[in-house]
Structures are given as structure tokens and as C-alpha cells.
Amino acid sequence: MATKYIFITGGVVSSLGKGLAAASIGRLMEARGFSVTLQKLDPYLNVDPGTMSPFQHGEVYVTEDGVESDLDLGHYERFTSTVCTRDNNFTSGKIYESVISKERRGDYLGGTVQVIPHVTDEIKSAIRKISKGHDIQIVEIGGTVGDIESLPFLEAIRQFRLESGRNDAVFVHLTLVPYIGAAGELKTKPTQHSVRDLRAIGIQPDILMCRTDRFIPKEIKKKIALFCNVPEEAVITAKDVETIYEVPLVLAKEGLDAILLKLLDLPYRDKNMDDWVQMVEKARHPKDGEVIVGIVGKYVTYEDSYKSLNEALTHGGIANDTRVKLRWIEADNLGGDGALEEAIGPCHGILVPGGFGIRGVAGMLEAIRHARERRIPFFGICLGLQCAVIEFARNVCGLKEADSAEFTPATPHPVIYKLRELEGVEELGGNMRLGKWPCILEAGSFAYQAYGRSEISERHRHRYEVNRAYLEDMTRRGLRVSGQTPDRRFVEIVEIPEHPYFLSCQFHPEFKSKPMLPHPLFRSFIGACKRYRQTQR
Ligand code: GLN
């Protein structure tokens, strides 16, 4: 079967949840037995989001093949069985980079290189690049209709539809239908405007997904249908939900997947969402109370910065039948008297996530010391591992000036230092240890117990690593290296076996956790938090 395409655009405002909409459609189509792939096209000019601050663009999601990509790819992987690669995310920067290098090589044979057709051709071939072997490809266009920079992408998908035929590609437009309290009404005007903008550039949406806080009554749907030139049944309410995993269920109730089958002329197949429904039920109504996890980080004011982490903790809760309540703790504010006690006091577990730069590190070290000494479950991820090693070196081994070369380049005790192959490299784009690496676990460790096997593979994103020169001293005093690369070059997991649960890893396990397949380390950490909660009662 030739691949069918679902293009998703967004209107009115950003942050309506296009990524979740795309992922949810993917889930529904897989539940009907179709093989699905998803792709994100981002109009910004960065070649990839790797150099962007998480404050600007949310988390940088890392793929198996080591590409720093958009956080929506995380939704795709969590909701479907897609494993994303470098070809699942294209930015304008990446498209232009390729067009310009072709121009420099002389590939355009003296022609004038233009947005249409050269850039749009490049976009279309980027779309086709991942189609092979999939029944359905869902392509999400970042940004909002009306942005100057998204025009080449919209033009490219307009051409794509024209070339592929009516039943092979559909346009889904996600828009906002706000409820105006003063008028007591749902307002359709923003949707009308955004569809008009889309039609002005030659795209007539086939389906409108209307983001609202309530179900849209029939007469309003009728009005939207009339003004936007779509059939009434194709006006779908995308209602706000309690947990994001409910989105596919709400969309299915509105008949979205059935309409897609019809428009794309796909064979009817039964849908099986039973296991998903059960999972959502578990997430919404856990039987075993709640645990509070304190996340001590530097980007905590902006939750999108830790999107996958947030989800992985939720998954750990699902696996333990408990609700995980997150307590975001600004690492910078842990300095003053009693601030630490107050921030951490109510927590059943402490997590220090990944990050870059020295800001907040002092607070993280204090939080780790507290967790180590008071025997509170601790989970460190990437920067969290590096801080755990520094804390141990300073406070257990007595190396008061131990530090990471990232924070204090001239430290006399660089227990964390720059990856050997990066010595002398100053450029920041795409030059970290990235993507999947194998790791061997030591029997009897917390990690081994969690995974239940000794060979694992996890995703990385870092420039600094544990300096093995200090390991002998540290392991003699109670630190355990429980995971390393098979060649024993990189330290991947360190633990304190004498502690109820103290584990930190150099990789980012959060990127591989799914609601239906909670990650072993999040499952075991939340399990430890539950045991700690027991002791507090
Ligand atoms: N800044 C640290 C490094 O580059 C940690 C990176 C991270 O937490 N992702 O090694």
C-alpha cells in the first residue's frame, strides 16, 4: 500500500498541542493495525534545537541515532511504536543548509536558486524520505499559520497534496475556540480567520480540530463548518483533558479516526484501545495514594524544559499504582537558612535532572548531601550524576575543592572533566556524546535489580564525564560504579549501596520511558519513594 499522509497545521495561537494531536492520531491509527510514522517540520532557522535554551524552546529531545531534536518527537515515541531518527525532524535551517550546499557544489547547473521550487522541493523530498514501509505518515508543521517563516512549508504541503491526489493526503488544522466568560459563549471568529489565512495560500483543511475547554454544541459546529467550508462531521472537539494520555480517547469519541479512514480511503479495521484505556484509568485513579518527588533544577520555572522527565515520572507512578506529585525546586534558591529543609521536607524522593552551566549547582550539591545523609531516595540524571560525584568527593572523600571542569576549569580535583575527544573543541553545535550507547550493569546493584538484565542501551547528551583517576578512592569509601560501557571507558551509573536508594546515571533514561512501558529506573525510583513514604507515616 502506498503511504497516506496526514498534514497537521496550527492556527490562532501556538501551544495548542499540535504535537499531542499528531501523536494521538498516530496512536489511534496504530490501534487499527496500520503502521505509522511521524515527522515534525520546524520553521525556525536553527539547524537543530540543540543550541537553543530550554527556556526558549523547551526540552531538547535526543533520538536513538543521537540527534538533538524537537520535544514533539518525544510525544511521538511515547504514544506510538515509532522510533525516530534524524529524518523525523527537519528545520528551515536544515533544509536551507542542504539547498545551499547543493548550490555551492553546482548541482543547480547555473539556475537561479529560489524558495519555489528549490526549497519546496527539498521539503517535499524530506517528507518522502521516511515514508517507505509505512501505511500512514503524520507530518506536523511547527509554528502558526500566518508566520512568515512557515510559508515555504505550507507551500510545499500544498504542492504535495496536489501531486499525490485527494485520497492520499489530508489537511488537519488545529485551532482555538475560546469560551468568553463575559459573553457566556464559545467564539468561532479566531477559527474563521485562521482558516481564511490557510485558504488564501491554497490549503483547504479537511478536518478542523477545535481546542476548547468544553464540548462544542451542534449549532456551533454547524457554524464553523459553514464558514470554514468543511463538513460538519469533520469539526472535531479537542477538549482539554486531565492527563495527556486521554487525548486519543477523546478524539476517538468525536469520530476523528473514522473520518480519517474515510477521507484517506483506507480499509476499515477494528480498533483495539483496551490496554490504553486501562493505562489511562490507572493514571487517573491510582490505588496507592501519592508520592512527592522534589526536582531540584535550574529550569524549573518552565516545565516544558523537562517534558520527558515529567512524563517518565508519571509512568513510574503508573507502574507503582501511585500518583507522582512533582515539587519543582529552584536550585538557585536553596542557599538561605532553613530553605533546604523547607523545600525538601515534604518530599519522598529527590531528583536532580540534566542541565548545563554552573547556575544552581551549589543548591543541587546541598540537596544531594541532604538526600545522602538523611537516606532519602535519590535519582540523579546526567548533570545529576556529575553533581552526585562532586558531592561525594567533597564531603565523603574530603576533597574540598573537587569540581567539574565545566564549572571551575582550574580546579585541582577535576572529578568530572571534559570528554577526552572534545579537548580543544570550542564550538557548541552538535558536538556532544549523543544518542544510544550500550552499558553493562553489575549484578546486585540497584540498576541491575531494576532492569533485570545486565546489558542495556540508553541515550546520552553530555560534554563532561567522570574522571576515572578518582574512582579508586571514591569506591573505597562506598561509591559503587554499577554501569559502564562494555569497554569500561565511560562510567554510566554510580550508586551508594549502603543507602536505601541512591542511583545516578550519565544517560537520560527519561527519553525511553513510555506510559505502556514505564522505564525500569523510574519504576524503581518511585518504588523507593513509596517505601520511604511508609517510614514517614
Ligand atoms: N553539563 C553536563 C555535561 O555537558 C551535563 C549535561 C546534561 O545534563 N545533559 O556533561
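Whatever order the structure lists them in is the order used to number ligands and atoms, beginning at 1. Here the structure is a predicted model, which is why all the values come from computation and not from measurement.
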- Query: For Tyr417, is the NZ or CZ atom of Arg420 found under 6.0 angstrom from the centre of its six-membered ring and inside 45 degrees of the ring axis?
  - Reply: yes
Do me a favour and list the nearest non-hydrogen protein atom to [atom] with residue, atom name and distance?
atom: atom 5 (C) of ligand 1; result: Gly355 O, 3.3 Å
atom: atom 7 (C) of ligand 1; result: Cys382 SG, 2.9 Å
atom: atom 9 (N) of ligand 1; result: Arg461 O, 2.9 Å

Mind checking whether [X] and [Y] have parallel, tilted or perpendicular rings, split at 30° and 60°?
X: His519; Y: Tyr451; answer: perpendicular
X: Trp276; Y: Phe79; answer: tilted
X: Phe507; Y: His460; answer: perpendicular

- Query: With respect to atom 10 (O) of ligand 1, which of Tyr464, Phe407, Phe507 exhibits the smallest heavy-atom separation?
  - Reply: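 Looking at heavy atoms only, Tyr464 sits closest to atom 10 (O) of ligand 1.
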- Task: With heavy atoms under 4.0 Å as the rule, classify the contact between Arg463 and ligand 1 as side chain, backbone, both or neither.
- Result: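 Arg463 to ligand 1: contacts from backbone and side chain alike.
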- At a non-hydrogen distance cut-off of under 4.0 Å, which region of Glu406 contacts ligand 1 (side chain, backbone, both, or neither)?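 Under 4.0 Å from ligand 1, Glu406 contributes side-chain atoms alone.
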- Nitrogen or oxygen of Ile381 less than 3.5 angstrom from that of ligand 1: no
- Query: Should Glu465 be listed as contacting ligand 1, given a heavy-atom distance under 4.0 Å as the test?
  - Reply: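 It does not, in that no heavy atom of Glu465 comes within the 4.0 Å cut-off of ligand 1.
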- Just which atoms of ligand 1 are under 4.0 Å from any heavy atom in His508?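 Those qualifying, in numeric order: 9 (N).
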- Note on the structure: If we number the atoms of ligand 1 from 1 as shown, the ones under 4.0 Å from a heavy atom of Gly354 are 8 (O)
Would you tell me whether [X] and [Y] have side-chain atoms, one donor and one acceptor, within less than 3.5 Å of each other?
X: Asp403; Y: Thr408; value: yes
X: Ser308; Y: Glu59; value: yes
X: Glu311; Y: His75; value: no

